[in-house]
2 protein chains.
Amino acid sequence: MGNLATTADEILRCARSLIIAGGYNGFSYADISEVVGIRKASIHHHFPSKVDLVRTLLQRYRTEAQAGIAELERHHPAPADQLRAYTSYWAACIGDPTSAFCVCALLATQIPVLPPEIVAEVQAHFRSLSAWLTSVLERGASEGSLAFAGTARSEAEGFMAAVHGAMLSARAYGDPQTFRGITEPLIERLVAGRP
Amino acid sequence: MGNLATTADEILRCARSLIIAGGYNGFSYADISEVVGIRKASIHHHFPSKVDLVRTLLQRYRTEAQAGIAELERHHPAPADQLRAYTSYWAACIGDPTSAFCVCALLATQIPVLPPEIVAEVQAHFRSLSAWLTSVLERGASEGSLAFAGTARSEAEGFMAAVHGAMLSARAYGDPQTFRGITEPLIERLVAGRP
DNA sequence: GACAGCCATCCTACTAGAAGGTAGGCATGG
DNA sequence: CCATGCCTACCTTCTAGTAGGATGGCTGTC
């Protein structure tokens, strides 16, 4: 009963895929109105300003990301499997143009020209993703299932950077396979040092 | 005698730093005209269209990059030192807002909305950078000064992705030190496996 | 059950400013 | 004398955002 996806949801979903394609300045209310089949002014009814729209979008994205990670942790108890599930999720996204990049990673490239409210959300995502990866690596190290040279924190930052760089390379080469080619050795190296 | 930097050079230099800040759609002819102290129409005299401007900018960037790498190879014969010199160059850039990101890496994020001529230049940069890194790693492996698990090619792709991801993280955290924190272990790991 | 009020949604019509780009004129210097 | 460089003035299209009206479904109240 009732439309499962409200208009506001549709707008957010559409805006997300447009940002993934071209960033904050790469889309307009007119673009959204065409796709959603609504007038520009109606979008302003749901989201008074562009900043409101993107802030809401990012808050929702972060909530979904955290829920996804919680789900992932339930399905995969082992730290190595959690890392594999994380990269596999993105490997599956890379092929689909509407979700082929992390919205926060893409927006992070444009931080100098972004409104401060947006920057705050992007930074929060980086911090929480880094914190989660750190906790996974810490547990893997204490269990003995993962091994690495430096601290869990610095290894987590390196892992996150490599994943973001892999998304970028996949886009640059126009080849989804590139992502797996970069991320798989990344995990196997962490597992290789196990007892 | 004569102004060392011509107006066209000034325009290109200015456009580059504006792209580094906000990407292809993040700057306008008006922005450049303000900084350079010239009218919008005069920029069109030097570069008829925005595509002309950015294509020229990228061709010059690629030439400079190749010259920089040639210079780097002269100063540092050892493969490990070449990798260190490469990341140190970028570590020095990260602090300066006008050069804190690789222009091609930044534009690569927006490939879906970029004119095809620009995409071609960006892809060419990724390919030549990857080819150079591969050759450095190959030489390091055959000399025995560097060690890694997979092929030189796949290791080079991973290295490049990590460097790009490190630029992104440094920007996201607003902390230049982040870049060194990610890239230094990257090289030491390659060196650690030496005989 | 009829009626009134209210609010959410969406619309048409509009604004001011910024976008990339053009036409044509005026210097200066080889 | 003619190419180079820069100018004023203008164009079209797009930008985010606003004003105000139509619809229509939910309330409460008599």
| remark: CD1 (I43(A)) and NZ (K50(A)) are apart, to the nearest 0.5 Å, by 11.0 Å
| request: Could you please spell out the steps behind the side chain to side chain donor-acceptor pair (under 3.5 Å) verdict for E157(A) and T178(B)? | output: CA-CA 8 Å; E157(A) 293 291 354; T178(B) 301; over 6 Å; no
| I43(B) CD1 to dT8(D) P, straight-line distance once rounded to whole Å | 13 Å
| said: Let me confirm one number: the CD1-CD distance from I187(B) to Q82(B), rounded to the nearest 0.5 Å. | reply: 11.0 Å
| For the pair made of NE2 in H44(A) and P in dT18(D), what is the distance, rounded to whole Å? | 7 Å
| Point-to-point distance, once rounded to the nearest 0.5 Å, from OG1 of T134(B) to CZ of R139(B) | 13.5 Å
| task | Write out all pairs satisfying salt bridge (charged side-chain N to carboxylate O under 4.0 Å, His left out) with one or both partners inside residues 55-66 of chain B, taking only residues at least two apart or from two chains. | result | D9(B)-R60(B), R16(B)-E64(B), D52(B)-R55(B), R62(B)-E121(B)
| query | Between A161(A) and A162(B), which heavy-atom pair has the shortest distance, and what is it? | reply | CB-O, 4.1 Å
| task | Under 4.0 Å from any atom of DNA chain D, heavy atoms only: list the residues of residues 27-40 of chain B that qualify, in numerical order. | result | I38(B), R39(B)
| remark: CZ (F101(A)) and CD1 (I111(B)) are apart, to the nearest 0.5 Å, by 9.5 Å
| note | Terminal axes of the helix from dG1(C)-dC30(D) to dA18(C)-dT13(D) (5 end pairs apiece), angle rounded to 10 degrees, sit apart by 10°
| request: Kindly work out whether a path of hydrophobic side-chain contacts (I/L/V/M/F/W/Y, heavy atoms less than 4.5 Å apart) joins F179(A) to L168(A). | output: yes
| remark: When every non-hydrogen atom of A15(B) is compared with those of L57(B), the smallest separation belongs to CB-CD1, 3.6 Å
| field | Selection: residues 46-59 of chain B, any non-hydrogen atom under 4.0 Å of DNA chain C | value | S49(B), K50(B)
| said: Do L53(B) and I32(B) have side chains that approach each other closer than 4.5 Å (heavy atoms only, starting at C-beta)? | reply: yes
| field | Residues touching DNA chain C, which here means a heavy atom under 4.0 Å, drawn from residues 14-24 of chain A | value | none
| query | Is the shortest distance from a Lys or Arg side-chain nitrogen in E34(B) or K40(B) to a carboxylate oxygen in the other one below 4.0 Å? | reply | no
| Is it the case that one hydrophobic cluster holds both W90(B) and V103(B), taking links as side-chain heavy atoms less than 4.5 Å apart, direct or via other members? | yes
| task | Could you tell me whether the phosphate oxygens of dC10(C), OP1 or OP2, come under 4.0 Å of any side-chain nitrogen or oxygen in H45(A)? | result | no
| Does the pair F126(B) and H164(B) meet the rule for a side chain to side chain contact (heavy atoms under 4.5 Å, CB included), with working shown? | CA-CA 11 Å; F126(B) 269 77; H164(B) 288 153; 3.6 Å; yes
Would you tabulate the nitrogen or oxygen pairs shorter than 3.5 Å linking the protein to nucleotides 24-30 of chain C?
none

| request: Please report the C-alpha distance between E73(B) and W132(B) in whole Å, then the side-chain angles of each, then the deciding distance to 0.1 Å, and finally whether the side chain to side chain donor-acceptor pair (under 3.5 Å) criterion is met. | output: CA-CA 11 Å; E73(B) 286 190 322; W132(B) 176 68; 2.8 Å; yes
| How long is the line joining CG of D9(B) and P of dG5(D), in whole Å? | 11 Å
| E155(A) CD to M160(A) CE distance, which is reported to the nearest 0.5 Å | 13.0 Å
| request: Give a yes/no on whether any side-chain N or O of S42(A) is located under 4.0 angstrom from OP1 or OP2 of dT9(C). | output: no
